[in-house]
**Student:** 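The structure follows.
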Amino acid sequence: MEYAVRVGSGRFTYDVVEGFEKLPSGYSWTDAAAVVVDSQDRVYVFNRGDHPMIVFDRDGNFLSSWGEGVFSRAHGVTAGPDDTLYCVDDGDHTVRQCTLDGEVLMTLGVHEEAGAWDEAANTRLLTEPTDLAFGLSGEIYVTVGHGNGSPGVMKFDSAGTLLTTWGSQGTGPGEFDTPH
């Protein structure tokens, strides 16, 4: 089969398949903020529509949707080392760890409250987080790239306890301009 568009390189080469997804009646696309694939090759599309997480099988058949009423503005999704999903919501100022069927297991940040994270004062606030990655020992790295006046990186342990932060607004060493 020949594809019109091929992107990437090496083992990260992908073919664009127009019409891959088979949306059910009443569903439509808006902005797809992020896509991730689980260990069973199910495709999770975190988007800014009425159904924030839409799940397809590897052939594009609709399986389910979830996150309605939970997420404000999808921004990033990362598959965790334990087959959970970490959903970054910059509009709600949270990162939620969810099971593959949408049950929320842990939340970093406070629903609809932006601000600085301060463990000592027990104010665990994020301001417009943008994405997330994992360290080799399970650490969680969250980028804060929008708002807050001081974008940077926040490092948490696997249980969600803040370990450290770094970075500030700018383009010099140790500075970031909208990290994602």
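Because the structure is a prediction, the values reported are computed rather than measured. All heavy atoms count here, side chains included; hydrogens, waters and symmetry mates do not. Numbering starts at 1 and runs along the sequence shown.
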**Student:** Under a plain distance cut-off of 3.5 Å, with no hydrogens placed, do H111 and D92 share a side-chain donor-acceptor pair?
**Tutor:** yes

**Student:** Say whether L162 and Y141 are linked into one hydrophobic cluster, either directly or through other cluster members, by side-chain heavy-atom distances under 4.5 angstrom.
**Tutor:**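 Different hydrophobic clusters.
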
**Student:** Going hydrophobic residue to hydrophobic residue with side-chain gaps under 4.5 angstrom, can you get from L108 over to F134?
**Tutor:**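 Shared cluster, yes.
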
**Student:** Let me check something: do W66 and V70 share a hydrophobic cluster, defined by ILVMFWY side-chain heavy atoms less than 4.5 Å apart, either directly or through other members?
**Tutor:**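 Yes, one cluster joins them.
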
**Student:** To the nearest 0.5 Å, what is the distance between OG (S158) and CE (M106)?
**Tutor:** 7.5 Å

**Student:** Checking side chain to side chain contact (heavy atoms under 4.5 Å, CB included) between I54 and each of L63, L23, V43, V35, which is the one that passes?
**Tutor:**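 Answer after filtering L63, L23, V43, V35: L23.
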
**Student:** What are the two closest heavy atoms between R48 and R73, and how far apart are they?
**Tutor:**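 Residues R48 and R73, closest heavy atoms: NH1-NH1, 3.1 Å.
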
**Student:** Could you tell me which non-hydrogen atom of W166 sits nearest to which non-hydrogen atom of K155, and how far apart they are?
**Tutor:** CZ3-CB, 4.1 Å

**Student:** Closest approach of A32 and V45, non-hydrogen atoms and distance?
**Tutor:**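 Distance-wise, the nearest heavy atoms are CB-CG1, 3.8 Å.
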
**Student:** Give the ring-plane orientation class for F62 versus Y27, where under 30° counts as parallel, over 60° as perpendicular and anything between as tilted.
**Tutor:** perpendicular

**Student:** What distance separates D131 CG from Y86 OH, expressed to the nearest 0.5 Å?
**Tutor:**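 Going from the CG atom of D131 to the OH atom of Y86 covers 14.0 Å.
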
**Student:** More than 12 non-hydrogen atoms from neighbouring residues, nucleotides or ligands closer than 6.0 Å to CG on D50, yes or no?
**Tutor:**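 No, because the 6.0 Å sphere around CG of D50 holds 12 heavy atoms or fewer from other groups.
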
**Student:** Between N47 (side chain only) and P52 (backbone N and O only), is there a donor and an acceptor less than 3.5 Å apart?
**Tutor:** yes

**Student:** How close do S65 and E68 get, counting heavy atoms only, and between which atoms?
**Tutor:** OG-OE2, 3.0 Å

**Student:** For V95 versus L132, what's the shortest heavy-atom pair and its separation?
**Tutor:**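 Residues V95 and L132, closest heavy atoms: CG1-CD1, 3.6 Å.
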
**Student:** When rounded to the nearest 0.5 angstrom, what is the spacing between CD in E139 and CG in L136?
**Tutor:**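 The CG atom of L136 is 7.0 Å from CD of E139, to the nearest 0.5 Å.
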
**Student:** Considering only heavy atoms from C-beta outward, does the side chain of H75 approach that of E128 to under 4.5 Å?
**Tutor:** no

**Student:** Less than 4.5 Å apart, any side-chain heavy atom of F176 and any of V144?
**Tutor:** no

**Student:** Quick check on the hydrophobic clustering: are L125 and V142 connected, directly or via other members, by side-chain heavy-atom contacts under 4.5 Å?
**Tutor:** no

**Student:** To the nearest 0.5 Å, how far apart are CZ in R58 and CG in D38?
**Tutor:**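 Answer for the CZ-CG pair, R58 versus D38, is 11.0 Å.
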
**Student:** Look at the side-chain heavy atoms of Ile, Leu, Val, Met, Phe, Trp and Tyr, link any pair under 4.5 Å apart, and say whether F56 and V37 land in one connected group.
**Tutor:** yes

**Student:** Within this structure, what is the NE2-OG1 distance for the pair H180 and T130, rounded to the nearest 0.5 Å?
**Tutor:** 5.0 Å

**Student:** Are any non-hydrogen side-chain atoms of C98 and F71 less than 4.5 angstrom apart?
**Tutor:** yes

**Student:** Using every non-hydrogen atom in the two residues, find where L85 and M53 come nearest and quote the distance to one decimal.
**Tutor:** CD1-CE, 4.3 Å

**Student:** Can we say R42 and D57 salt-bridge, meaning some charged N sits less than 4.0 Å from an Asp/Glu carboxylate O?
**Tutor:** no

**Student:** Do H93 and E112 have side-chain heavy atoms sitting under 4.5 Å apart?
**Tutor:**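 Heavy-atom side-chain distance check fails, nothing below 4.5 Å.
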
**Student:** Quick one, V88 and F46 - any side-chain contact, counting heavy atoms below 4.5 Å?
**Tutor:**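 A side-chain contact under 4.5 Å is absent here.
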
**Student:** Measuring from atom CG of D89 to atom OG1 of T94, what distance do you get when rounded to the nearest 0.5 angstrom?
**Tutor:**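 That separation rounds to 4.5 Å.
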
